[in-house]
Amino acid sequence: MNPDESIIPAIPIGNWVESAIDWLTDNVGWLFDAIKLIFTFLVENLTLALTGIAPIALIIICALLAWAVRSWKFAIGTVIMFALVLSMGQWVHMMETTALVLVATVIAVVIAIPVGVLAARNRVVSAIVRPILDFMQTMPAFVYLIPAVTMFSIGVVPGMVATIIFALPPGVRMTELGIRQVDGETVEAGEAFGATPWQILRGIQLPLAVPTIMAGVNQVIMLALSMGVIAGMIGAPGLGKQVVQAISSLDLPLGVEAGLSVVFLAVFLDRLTAALGTPNQYGSSLIALARKARGNRAKKSASAAAASSSANAASASSGSAVASASADSNA
């Protein structure tokens, strides 16, 4: 017998949680089946779409996307990294991981941004949400796999559910932080002009908070990728499953190749989303070059219009002078 039991009685919190999950499984099984059906449909179809494109074509598309939002150097790095993944035979597995991460990220962001907005605009909501987020972030990632497998069996769906829960908190926190950091005088100016709270949120707070929100989206993607690899332990397809297989068989080459593929995918997604959050910092991107070209054309058009108006004014002035001289001579 534990001597501390006479002072602090044992509290079977774990058993209570297990009973709650069993109750949910028995009484809300239809909801879990619906979630499983939807998640399976999304991941499988996105995986088919990604793997249905020729790898070389998809590498070129990713490189163009990297150049469009960041720089030509990042585009070349993307080609090199993904070509190495293709040469190592991990391309299909990387696409499976990409599909899982993208679907989990979209769902997490769709949940995180509205919750972050509510938390930023209501202190009561913020006080309620904050300890929940602390719990979600500090709970070991492996613990999420246990109830996920209990409710959804093994496969991609429990991996996605655990990934969404694990990756959600940064999106909420950064959205709340971004909106709270908007200058109060700017908001007051909008209110002075008669803007409604929705107009202030849509036209002032969200646009100014975009860099911070995108930093949160970046963190959501990184956490989703890390959890997506861990989800390989419960049968989720992709690079995580390859890592687990390498560990179980002590296959060092497979582990190194799968690990490098994870790193390359993480670098691509991290740099891409970081550039989307701060586009003005990358002057060599195709988007920045297009803006500069458009600005130069506008300046040339304005200069030509100004020169034309000056010439017309000079012509009118000379015509007036000639008419005045003619009138004087007639007089």
Side-chain angles (χ1 to χ4, degrees), residues 5 8-48 96-97 99-119 122 124-173 175-176 216 220-221 223-238 240-241 244:
E5 289 182 356
I8 302 176
I11 302 176
I13 296 178
N15 294 332
W16 294 346
V17 173
E18 182 182 14
S19 299
I21 292 176
D22 290 340
W23 184 89
L24 289 173
T25 304
D26 295 334
N27 295 275
V28 201
W30 58 270
L31 178 61
F32 297 148
D33 293 338
I35 294 173
K36 186 174 182 179
L37 183 64
I38 294 171
F39 284 2
T40 303
F41 174 80
L42 293 174
V43 175
E44 287 183 353
N45 282 275
L46 183 56
T47 302
L48 288 174
E96 292 172 342
T97 299
L100 189 151
V101 169
L102 290 180
V103 173
T105 299
V106 170
I107 296 173
V109 169
V110 167
I111 298 172
I113 291 180
V115 174
V117 170
L118 286 175
N122 191 312
V124 175
V125 175
S126 178
I128 294 173
V129 168
R130 193 170 300 165
I132 296 174
L133 297 178
D134 292 339
F135 172 82
M136 293 168 65
Q137 277 191 297
T138 54
M139 178 66 69
F142 290 96
V143 176
Y144 290 121
L145 302 179
I146 303 171
V149 171
T150 303
M151 292 184 288
F152 299 99
S153 184
I154 62 173
V156 66
V157 176
M160 271 200 60
V161 172
T163 300
I164 292 169
I165 296 173
F166 185 69
L168 184 65
V172 178
R173 291 185 187 278
T175 300
E176 180 182 1
V220 169
I221 292 175
L223 290 177
L225 183 58
S226 65
M227 191 64 188
V229 174
I230 295 175
M233 299 181 62
I234 55 175
K241 193 172 184 179
V244 172

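Computation of the quantities below employed the complete heavy-atom set of this structure, encompassing side-chain atoms and omitting hydrogens, waters and symmetry-equivalent molecules.
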Exercise. Taking Arg173 as the fixed residue, which of Val115, Val129, Asp134, Leu168 is the one that meets the side-chain contact (heavy atoms from CB on, under 4.5 Å) rule?
Worked result: Asp134

Problem set entry | Test applied, side-chain contact (heavy atoms from CB on, under 4.5 Å); reference residue, Val101; option that passes from Val220, Thr163, Leu225 | Leu225

Can you name the nearest heavy-atom pair linking [X] to [Y], along with the distance?
X      : Y      : value
Thr97  : Gly240 : OG1-N, 4.4 Å
Gly159 : Ala231 : CA-CB, 3.6 Å
Leu100 : Gly228 : CD2-CA, 4.1 Å
Pro170 : Leu223 : CG-CD1, 3.3 Å
Ala224 : Ala167 : N-CB, 3.8 Å
Ser126 : Ala119 : CB-O, 3.4 Å

Seminar exercise, completed: Rounding to 0.5 Å, atoms CG (Leu133) and CD1 (Ile128) come to a distance of 12.0 Å

For this session: State which residues pass salt bridge (charged side-chain N to carboxylate O under 4.0 Å, His left out) with Asp22; sequence neighbours excluded, sorted by chain then number.
Result: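 By the salt bridge (charged side-chain N to carboxylate O under 4.0 Å, His left out) rule, Asp22 matches no residue at all.
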
For this session: Quick one: list whatever passes salt bridge (charged side-chain N to carboxylate O under 4.0 Å, His left out) with Glu176, sequence neighbours left out.
Result: Arg130, Arg180

Exercise. Can you name the ring-ring contact (aromatic ring centres under 6.0 Å, His included) partners of Phe166, sequence neighbours left out?
Worked result: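 Here no residue qualifies.
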
For this session: Take Ile107 and Met160, measure what side chain to side chain contact (heavy atoms under 4.5 Å, CB included) needs, and give me the verdict at the end.
Result: CA-CA 10 Å; Ile107 296 173; Met160 271 200 60; 4.0 Å; yes

Would you mind writing out the side-chain donor-acceptor pairs for residues 142-153 within the sub-3.5 Å range, not counting sequence neighbours?
unit_1, atom_1, unit_2, atom_2, d
Tyr144, OH, Met136, O, 2.5
Thr150, OG1, Ile146, O, 2.9

Exercise. Residues in side-chain hydrogen bond (donor to acceptor under 3.5 Å, both in side chains) with Glu18, at least two apart?
Worked result: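 Listed in chain order: nothing, the list is empty.
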
Residues 24-43, side-chain donor-acceptor partners within the protein, below 3.5 Å, at least two apart:
unit_1, atom_1, unit_2, atom_2, d
Thr25, OG1, Ile21, O, 2.8
Asn27, ND2, Trp23, O, 2.7
Thr40, OG1, Lys36, O, 2.6

